Amino acid sequence: VVPAAVQMGWVESPSHFCSVTESARDITQHFVDNDVPLPHDPIEQSMAIADVPLRGRTQAPTKLLQVYVDDFCYAATQSVDGAHIPTIRRAAIHGIHSVFPPTSVTKHAGGKEPISAKKLAAGDGNFESQKEMIGFVFDGVKRTVHLPPAKATAYIKETHTMLRRKTVPLKKLQTLVGKLRHASIILPAAKGFFSPLNDAMRGSPKTIGLGADSEVRRALEDLISMMHLLSSRPTHVRELVPDMPHHAGYHDAAAEGAGGVWFSLCDDTPPAVWREPFPGDIAQEVVSMESPNGRLTNSDLELAAEVLAVGVALERCGTKHTPFGTLCDNTPTVSWIDRMASKSKSPIAGRLLRGLAFMLYCAQAGRLTTVHVPGVENVMADIASRPTKAQQLFRSASPLSDPDFCSSFNTTFPLPEQQQWTLAAVPRWLKSNVFETLRGKRLALRQWMGPHGSDPGKRGKRIADSIKMPPAKSMTRTSSRTDSSPLLSPSGKAGTVTDIKCRFKPLLECSGTSPKSSFWTDIPTHDEPLPPSMLWTSQLPAS
């Protein structure tokens, strides 16, 4: 039986559906890559191509042909002769018709055409520089993406309706969270807002409480604010795509304090060391042999050090869309940053991730990449984070002042090319936010936007309307760094920019687009000899 349509509505529908549509995509890719001559199709007249001025065309046009269940999504740059996108348009039609024949071929009386005429009439098939696809508005000229205002309004209204209740069924919350997760795709750090919701849904309880001071209610209120922002301020592609860091930092933390160093991998920003002791009341709450019932874990402090380190970097070299990279010797922290979510029983890690996420959004920073470094190698950050250890190493009878510490650090870890360490200060507002969070407080979202953040007042108000995004810094520095420029490794030994980049390269390779295992054109037909790798034998019992 050859069905006239792919069946939907049962458990295995998505996998069967995607196997068919992916095959149509593969055929389209084959047509385009091999410049297969194809006849004109009348549907082409319903797929307009916006004119691209000559200055916007390229000698080597690019293409990206993808399919999302039943939506074929194509992105491309136009060629100088203007033939590239028309070629993709024609190949797309023939690729779909190769798997889903039109009614003129199937002779299916009363059947629907595989390519929706209604959607074509609405302009869905047009090639435009600004277009709404899979729930987002893409701008190919500005290279941005944002949430359509109507969709944001619908999500906000649904969330407000839910917040009027004291409890909510699990399935209803899961449905809403699924929509909000889809919207947060265009903000990688937005995953940091979902930790309380993940905790509440763990174990599949029948109902979930929405108490006045519950973490779930607060998380939903935060997401309402983010929906307003995602629909009003487009997200640039550089905030979405992982890239090699322009600045790399090593950091560490202990009960005594946090500290680390920052290097530039691309310009002449001078290397900096920073340190910040934790207040006594915070140090006493850390779990240890002497205090087994402490409220804070070492991983909480390591995550706090990450937030402080990012704040230092944004203050010193936070130009617009700058990607940052950090090296940390705490495995949970690396995992939390990578997933922007915490499974810790304490809400502190989730609150720190929430603050970090909003900091990065407000600064319009590039992607933050954190990789693991063995503790025995993280020497410089270890000394910066422990005042007593620095005092012993630098042979000082009393606690080191900032000038003395910087001078001793220069002597112990001399920089190449006669550079000098500069002592960077943690922004006061950020230090206060991190300390208050470690003390167990949940701060208002806008307090993480910068030094001008203030309390938003009573819960439930639309704080997004009153948040003014701070202007992103725009600095011009000399691009004097090369891959062979000398730097220091986390242990303080001599290294190069390449050595530091190599630590981030494996993670960035894993975050790329997954290559397709094979295409339909790679499968040999019966009249072709099989390659050695596909030969097999079988022994049958004698009759």
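Everything quoted here is computed from the prediction, not taken from an experiment. This chain uses plain numbering: 1 for the first residue, then up along the sequence.
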Roughly how far, to the nearest 0.5 Å, is [atom2] of [Y] from [atom1] of [X]?
X      : Y      : atom1 : atom2 : value
Leu353 : Glu306 : CG    : CD    : 9.5 Å
Ile500 : His247 : CD1   : NE2   : 14.0 Å
Ser214 : Lys166 : OG    : NZ    : 12.5 Å
Thr167 : Leu210 : OG1   : CG    : 7.0 Å
Cys328 : Glu302 : SG    : CD    : 4.5 Å
Leu180 : Ile185 : CG    : CD1   : 11.5 Å

Looking at [Y], is its backbone amide N or carbonyl O close enough to the side chain of [X] to form a donor-acceptor pair, meaning the two atoms are under 3.5 Å apart?
X      : Y      : value
Arg351 : Leu443 : no
Ser264 : Asp268 : no
Thr77  : Thr62  : yes
Asn433 : Gln447 : yes
Arg89  : Met47  : yes
Asn126 : Ala48  : yes
Glu315 : Val312 : no
Thr159 : Tyr155 : yes
Thr21  : Val69  : yes
Thr106 : Pro101 : no

Quiz item: Which pairs pass salt bridge (Lys or Arg N to Asp or Glu O under 4.0 Å) with one or both residues in residues 48-77, sequence neighbours excluded?
Solution: Asp33-Lys63, Asp51-Arg57
Does some side-chain heavy atom of [Y] sit less than 4.5 Å from a side-chain heavy atom of [X]?
X      : Y      : answer
Leu229 : Met226 : yes
Ile224 : Met227 : no
Leu430 : Trp448 : yes
Val310 : Leu314 : yes
Ile115 : His97  : yes
Gln78  : Pro86  : yes
Arg339 : Phe194 : no
Cys73  : Ile134 : yes

Could you tell me which non-hydrogen atom of [X] sits nearest to which non-hydrogen atom of [Y], and how far apart they are?
X      : Y      : result
Cys317 : Phe324 : O-CZ, 3.9 Å
Ala365 : Glu239 : O-CG, 3.5 Å
Ile208 : Met201 : CD1-CG, 3.8 Å
Ser98  : Ile27  : CB-CD1, 3.8 Å
Ala248 : Leu265 : CB-CD1, 4.1 Å
Leu352 : Ala304 : CD1-N, 3.9 Å

Practice problem: Tell me, with the steps shown, if Gln130 and Val141 meet side-chain contact (heavy atoms from CB on, under 4.5 Å). | Solution: CA-CA 8 Å; Gln130 187 178 78; Val141 176; over 6 Å; no
Practice problem: May I have the step-by-step check of side-chain contact (heavy atoms from CB on, under 4.5 Å) for His94 and Val36, ending in yes or no? | Solution: CA-CA 11 Å; His94 284 273; Val36 177; over 6 Å; no
Quiz prompt | Residues, nucleotides or ligands: over 12 heavy atoms within 6.0 Å of Arg428 CZ | solution = no
Exercise. Describe, in one word, how the ring planes of Phe193 and Phe358 are oriented to each other, choosing from parallel (under 30°), tilted (30 to 60°) and perpendicular (over 60°).
Key: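 Perpendicular: the ring planes of Phe193 and Phe358 meet at over 60°.
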Quiz item: Any idea how His321 and His236 line up, ring-wise: parallel (<30°), tilted (30 to 60°), or perpendicular (>60°)?
Solution: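 Parallel: the ring planes of His321 and His236 meet at under 30°.
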Exercise. May I have all residue pairs that pass ring-ring contact (aromatic ring centres under 6.0 Å, His included) and include part of residues 56-76, sequence neighbours excluded?
Key: none
Quiz item: Does a side-chain N-to-carboxylate-O contact under 4.0 Å join Arg442 and Glu221?
Solution: no
Exercise. Give a yes or no on whether a salt bridge exists between Arg238 and Asp243, defined as a side-chain N under 4.0 angstrom from a carboxylate O.
Key: no
Exercise. Tell me whether the guanidinium CZ or amine NZ of Arg90 lies under 6.0 angstrom from the six-membered ring centre of Phe31 and within 45° of its axis.
Key: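 No, Arg90 does not lie over the aromatic ring of Phe31.
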Quiz item: Going through the checks in order, is the side-chain contact (heavy atoms from CB on, under 4.5 Å) test met by Lys206 and Leu170?
Solution: CA-CA 6 Å; Lys206 291 184 178 180; Leu170 174 64; over 6 Å; no
Exercise. Evaluate side-chain contact (heavy atoms from CB on, under 4.5 Å) for Arg165 paired with Lys172, printing each intermediate quantity in order.
Key: CA-CA 12 Å; Arg165 308 177 60 160; Lys172 192 174 184 66; 3.8 Å; yes
Practice problem: Could you walk me through whether Asp213 and Arg218 pass salt bridge (charged side-chain N to carboxylate O under 4.0 Å, His left out), step by step? | Solution: CA-CA 7 Å; Asp213 297 319; Arg218 298 302 190 194; 3.3 Å; yes
